[in-house]
Amino acid sequence: MSAIAENLHRVQARIQAVCQANDRDPAGVRLLAVSKTFGAEAVRQAHAAGQTAFGENYIQEGVDKILALQDLPLEWHCIGPIQSNKTRLVAAHFDWVHSVDRLKTAERLSAQRPPELAPLQICIQVNIDGGDNKSGVLPGEALALAQAVAALPRLQLRGIMTIPEPYEDPEHTRAVHAQAHALWLQLKSQGLNLDTLSMGMTADLEAAVQEGSTMVRVGTAIFGRR
Ligand SMILES: *Cc1c(COP(=O)(O)O)cnc(C)c1O
């Protein structure tokens, strides 16, 4: 078995264990394998081990991999910042975008999504712990952006994505994830039809699943250190 396959199984076991300990159905937690900085061959190995959903941060690098792997039935998620001059590439090649934090980006993605493709699946990125210099809308701005995105024709709003600071204290990490979960529930209570809470990475996937994450984005634990 390849090292990547072994790592994948270990991550799946982590998800299973935390779901079991917290009375959650593991089917309710999707694993997104974050392949940024690793080559197409690493993605092939992960696919051979059963992984189908991959996340990329850097648009051009992601598109190069998507084109090199067109023979495989993969689902590609853009999880990095998107400059205006990159929206066309994203709209043409990715299936999901987790990092929408401005209406202008969403409008461009909707206008540029090729008509023959399914709607682009969208998460609003929320700066849940309010760090300076961080991408994402502040929690108080999430509802207005989510409602505007939900109204765009070629996008399908699925939920929110967060990247909390790496805190030393796991209880603090959990508390921040709980805030994201509460915001997600609040948006749903406003009539938005959301099924995705994208939160949790290699270091904090347990805390994220404990607090209701439906999609964890894991890079290092699968592909190794960058
Ligand atoms: C790199 C990255 C990840 C994966 O982080 P790891 O700590 O390697 O698991 C997840 N989400 C985003 C947005 C990232 O940029």
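In each ligand, atom 1 is the first atom listed, and ligand 1 is the first ligand listed.
Scanning all protein heavy atoms for the shortest distance to atom 10 (C) of ligand 1 gives Met201 SD, 3.2 Å. Distance from atom 14 (C) of ligand 1 to its nearest protein heavy atom, with residue and atom name: Lys36 NZ, 3.0 Å. For atom 12 (C) of ligand 1, the closest heavy atom belonging to the protein is Ile79 CD1, 3.5 Å. Distance from atom 9 (O) of ligand 1 to its nearest protein heavy atom, with residue and atom name: Thr202 OG1, 2.5 Å.
Using a 4.5 Å cut-off on side-chain heavy atoms (C-beta onward), Trp96 and Glu75 make contact. A heavy-atom distance below 4.5 Å is found between the side chains of Leu69 and Arg44. Between Arg217 and His98, the closest side-chain pair of non-hydrogen atoms falls below 4.5 Å.
For Phe94 and Trp76, the distance between ring centers is not under 6.0 angstrom.
In the vicinity of Val218, heavy-atom distances shorter than 4.0 Å reach the ligand 1 atoms 9 (O). Which parts of ligand 1 touch Arg217 is read off a 4.0 Å heavy-atom cut-off, strictly below it: atoms 4 (C), 9 (O), 10 (C), 11 (N), 12 (C), 13 (C). Taking every heavy atom of Gly219 and a limit of under 4.0 angstrom, the matching atoms of ligand 1 come to 4 (C), 6 (P), 8 (O), 9 (O). Close approach of ligand 1 to Ile163 is summarised as follows: ligand atoms under 4.0 Å from at least one heavy atom of the residue are 13 (C). Which parts of ligand 1 touch Thr220 is read off a 4.0 Å heavy-atom cut-off, strictly below it: atoms 6 (P), 7 (O), 8 (O), 9 (O).
Residues Val137 and Ile79 do not share a hydrophobic cluster, defined by chaining ILVMFWY side chains whose heavy atoms lie under 4.5 Å apart.
Atom CD of Gln147 is surrounded by more than 12 heavy atoms from other residues, nucleotides or ligands within 6.0 Å.
A side chain to side chain contact (heavy atoms under 4.5 Å, CB included) with Met215 is found for one member of Leu31, Leu197, Thr196 and no other, namely Thr196.
The closest approach between any non-hydrogen atom of His98 and ligand 1 is not below 4.0 Å.
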